[in-house]
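Quick caveat: nothing in here was measured; it's all calculated off a predicted structure.
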Number of protein chains: 2
Amino acid sequence: MSAGLTERRQTILKLVIQEFVETATPVASETLVRKFGLGISSATVRNELAALEELGYLTHLHTSAGRVPTDAGYRFFVENLMERTTLSLAEQRTIQHQFYQVRGELDQWIQLAGAVLARTAQNASLVTPPRAAERLRFRSLELIAIHESMALAVFVFHGGIVKQQTFTLDTARAAEELRRSAARLSDALSDLTVSGIEELATRDAGLPRPTFSEFEHGVIDSLVRAMQAFEEQAQEQIHSDGLLEMLSQPEFIPALARDDAERAVARMRRALEILKSGRGLGTLIPQALASDGVQVIIGGENSADEMREYSVVLARYGVDRAIAGVLGIIGPTRMAYPRSISTVRYISSLMSNLLAELYNAEGRAPESGAP
Amino acid sequence: MSAGLTERRQTILKLVIQEFVETATPVASETLVRKFGLGISSATVRNELAALEELGYLTHLHTSAGRVPTDAGYRFFVENLMERTTLSLAEQRTIQHQFYQVRGELDQWIQLAGAVLARTAQNASLVTPPRAAERLRFRSLELIAIHESMALAVFVFHGGIVKQQTFTLDTARAAEELRRSAARLSDALSDLTVSGIEELATRDAGLPRPTFSEFEHGVIDSLVRAMQAFEEQAQEQIHSDGLLEMLSQPEFIPALARDDAERAVARMRRALEILKSGRGLGTLIPQALASDGVQVIIGGENSADEMREYSVVLARYGVDRAIAGVLGIIGPTRMAYPRSISTVRYISSLMSNLLAELYNAEGRAPESGAP
DNA sequence: GTTAGCACTCACACGCGGAGAGTGCTAAAC
DNA sequence: GTTTAGCACTCTCCGCGTGTGAGTGCTAAC
C-alpha cells in the first residue's frame, strides 16, 4: 500500500492541515473533495488518507472521525509544504507606526512586541528582554536627594540599561556633596563588572585610609546588589501576553472542543501555568538564543510532557551575538504556522533594527520595508 | 413567621457563611447541627433558615439543596458578624522580610504587594502605582551619550519618579556639552509641571535669540512626551497578579463547581477579561482612593453586571492624600472576607509606611509591628 | 489505480428511572 | 408559642440503553 509520499499525498496532507487549522474539526474525505474539488472521488482520498496515516502524518481519534494531523504531519508541512508568506504591507505599516509611538523606550518595545505578536497570531506571546552576552558593565551613577534622610541613586550601565534605587542616608547631605560622591564613584567604577566593583570595594575598605567614605561604600553596596539582582533575574524574566487571544482558540472553548469540557479547562489551566512560570519552555529559550532564523517546536517534539499539545515559534532578535533576546508565539499545535512564522520573523527583525539603532551597529535587515 | 434577625438567626447565618466559604457547597440544616452541635434540632434550624431566606440573607438554588448566602447575607456578615482578625505575627514577619529584600525599589514593592496579596488571600490581586494628587513636577535630568548618534535621557521628577528615554542626536556631541545642556535644562525647568514646561518652551522658541539650542528643544519635547504619557497612563495602569491562585478556587474547577462545566469556563474567561482590562472595576478605584479604611464590594452591589459573581476588597495606601494608590483582592463572592480584609489592611499599611519613609512623612501606623 | 456501494464503528444526544439529599409541612410534644 | 419527629415531595445527579449520523474500511466492479 504505502509507496512513500507521492505528490498527490503531499497535496492532500497540505489540504488536511490547512482545513484542520481553519475549522478545528477532524477533516473527512468527503469534505476534501467537496471543498477543493480534486479530480478524484472520496474513496480514493480515503485510500490516500489511510496511506498518510500509515506513514505517520495523520491520525484518527476513533474509527468514524475525520483525520487529524500528527506532530510529524505538522513538521512535514512546516518543512516542505507550507508557502512562506510575509505580513501584508498594511500590517507592517500599522505595526511600525505603533513602534514609532513608543520610540526611545525599550521597556515599551518589549511590551508592544508582546501585544502585537499576540494580536497578529491570535495566540499567546512571549518576549525576553535583550540581554548582553557579556556581563553588565557599570557606566555612571547619579545621586539625587529626595529629602534629608533619603536619596535616589540612578545607576547607568553600558547598553543604556538604567536602574534606580532609593536608600536612606545616615545623616543629611548637601546636594553638592552628593554630586561630588557621584562623580567620584562614576569615575572610579566606570566600565567595571560586578566582580570588579566588589573587588575594588573590599580592597579599598581594607586600606588604612580608604579612598571612599562610609557613605560611598553604602552606595557601592547598593549598586552591587542591583547588579546582582539584575544579572540573576535577567535569565528568568519572560514577558508574556495574549492569554485571552490564545484562550479564544476553540481548543479552550468547551462547546467547541470535540472532547470533554473537563479537558478544555485542564488545558486552559496548564497553559496558564506554562505562561506564568515558563516551566516547560525549559531549554527552548537558550536554544533559540543560540540559533538563527525562526525556530518551530511542534507539540511533544522537544521537552516536557506538559507541552505536548502546544507549539512554540521562536526567534532570536538583537545585535549579532552581543546583545540578544528571544520572542515568539505559543499556542495549540493546531496553529496557523505560516502566519505565526512570518509574524515572528517580522517582529524579530523590527526589534533587531531598533536595537541596532540603539547600539549603532548593523542588524539583519527586516524582510521588507524596515522602519 | 419572620420576627426580624434574632440572636440565634445571626449565629446561624454566620455559621452558614463560614461553612459555605470553607466547603463551597450549599449547606444543609443537618450539617449545621452535626458540625456545630447547636442545642437544637435540624427542623428548628430549617425554620430559622427559611426565615433568613425570607429576610433576604440566604437563597436556594432549588428545593432540595442547602442554603447559599446572598450578597446581602455576605454584607451583613462583613458588617456585623465577622470577627476582625489580623495576620499572624509569623506571616507579618515573612512578608516584612520579603519587602526588606527589595528595599529601595518602588516597582518591586508593587509587584511584591501583588504577589503577597494573591498568595495570602488565595485570590487575584490588583495594585495601582502610587500617584501624586498633584501633577507631575520636574526635578532634573541627565543626558548620557550612548554612542555618537544616540543619547539616553534620564528624567527625574519630584517624588522619586524616574523615566528614561533614548533619542537620536542630529550631530555628535561631546559628553561635556551634554552635561552642560542637562544642567541648563535642569535649572530652567526645575519644579515645573508639563504645562509650565510647554509654555516656557514655546515662549523661548518665539524669541529672536532663543535661550535653548535646537538640540535642547528636542530634549524638552522628549521630556514633555514622557510626562504626558505618564500622566495619561497613570490612571489606567493596574498591576494584577494571582490569576492562578484565583483559578484554583472551586468555582473555576468544573469537577467541583456545582453547576455546569460550561459555566465554570465562562466564569474563568470573564475573570480573565476583568483582570486584564480592568473593565467592571470602573468607578471602584477612584472611589477607594477617596475613602479611608478597607472597602468591600460584594457581588452585584456596585457596578457592572459582569462583576455579579465577584467581590472586591480594596484599600487606599499612601501618604495622606498627597500620594496614593489602591491595592486589593478580587475573587468569587464566596471569599474568606476576614482574611482578605486583614491581608489588604496589613499590606496597605505596610506600603503606606514604605512610601511615608520615602516621602519623609507620617503614614498611618500599621495594625501591629510595622517594619 | 479508481470508484461505487455498503457494512461497520463510534461518538453524541436523548430519554428514562432509581438513588440520594434536603427541604417544607404537619401534627404532636414540650 | 416554640420545638421536634416524621414523612411526603422535589429536584439533581448518575448510569444505562438506544437511536442517529458521520465517516471510515473494505470489497468488488470498472
> When rounded to the nearest 0.5 angstrom, what is the spacing between CD1 in A:Ile298 and OG in A:Ser311?
Replying inline: 5.5 Å

>> Would you compute the distance between atom CG of A:Leu15 and atom CG of A:Leu38 and round it to the nearest 0.5 angstrom?
In response: 6.0 Å

Distance in angstrom units between [X] [atom1] and [N] [atom2], rounded:
{"X": "B:Leu61", "N": "C:dA21", "atom1": "CG", "atom2": "P", "answer": "17 Å"}
{"X": "A:Asn47", "N": "D:dA28", "atom1": "CG", "atom2": "P", "answer": "15 Å"}
{"X": "A:Leu49", "N": "C:dT3", "atom1": "CG", "atom2": "P", "answer": "14 Å"}
{"X": "B:Glu53", "N": "C:dC25", "atom1": "CD", "atom2": "C1'", "answer": "15 Å"}
{"X": "A:Glu48", "N": "D:dG25", "atom1": "CD", "atom2": "P", "answer": "13 Å"}
{"X": "B:Phe20", "N": "C:dG22", "atom1": "CZ", "atom2": "P", "answer": "14 Å"}
{"X": "A:His62", "N": "D:dA22", "atom1": "NE2", "atom2": "P", "answer": "12 Å"}
{"X": "B:Glu54", "N": "C:dT23", "atom1": "CD", "atom2": "P", "answer": "17 Å"}

>> Closer than 4.0 angstrom, basic N to acidic O: yes or no for A:Asp305 and A:Arg270?
In response: no

Examine [N]: is either OP1 or OP2 under 4.0 Å from a nitrogen or oxygen in the side chain of [X]? Give yes or no.
{"X": "A:Arg8", "N": "C:dT2", "value": "yes"}
{"X": "A:His60", "N": "D:dG23", "value": "no"}
{"X": "A:Arg46", "N": "C:dG5", "value": "no"}
{"X": "A:Arg67", "N": "D:dG25", "value": "yes"}

Any donor and acceptor pair, going by atom type alone, linking the side chain of [X] with main-chain N or O of [Y] inside 3.5 Å?
{"X": "A:Arg334", "Y": "A:Val21", "answer": "yes"}
{"X": "A:Arg34", "Y": "A:Ser29", "answer": "no"}
{"X": "A:Thr44", "Y": "A:Ile40", "answer": "no"}

>> Is the ring pair A:Tyr74/A:Tyr337 parallel, tilted or perpendicular, if the boundaries are 30 and 60 degrees?
In response: tilted

> Which nucleotides of nucleotides 16-21 of chain D have their base under 4.0 Å from a protein heavy atom (B), which only their sugar-phosphate (S), and which neither (-), written as one string 5' to 3'?
Replying inline: ------

> Of all of residues 37-45 of chain A, which get a heavy atom below 4.0 angstrom from DNA chain C, listed by number?
Replying inline: A:Gly39, A:Ile40, A:Ser41, A:Ala43, A:Thr44

>> Let's see if you get this right: which residues in residues 28-36 of chain A place a heavy atom under 4.0 Å from DNA chain D?
In response: A:Ala28, A:Ser29

> Please walk me through it: do B:Glu83 and B:Lys14 pass side-chain contact (heavy atoms from CB on, under 4.5 Å)?
Replying inline: CA-CA 10 Å; B:Glu83 44 235 39; B:Lys14 181 175 165 189; 3.0 Å; yes

> In terms of side-chain heavy atoms, does B:Arg339 have a donor or acceptor partner in B:Gln122 at a distance below 3.5 Å?
Replying inline: no

>> Filter on side chain to side chain donor-acceptor pair (under 3.5 Å), then keep only pairs touching residues 15-24 of chain B, sequence neighbours left out; what's left?
In response: B:Glu19-B:Lys35, B:Thr23-B:Thr25

> How would you list, by chain and number, every residue that makes a salt bridge (Lys or Arg N to Asp or Glu O under 4.0 Å) with A:Glu48, sequence neighbours excluded?
Replying inline: A:Arg8, A:Arg9

> How would you list, by chain and number, every residue that makes a ring pair (Phe, Tyr, Trp, His ring centres under 6.0 Å) with B:Phe76, sequence neighbours excluded?
Replying inline: B:Tyr57

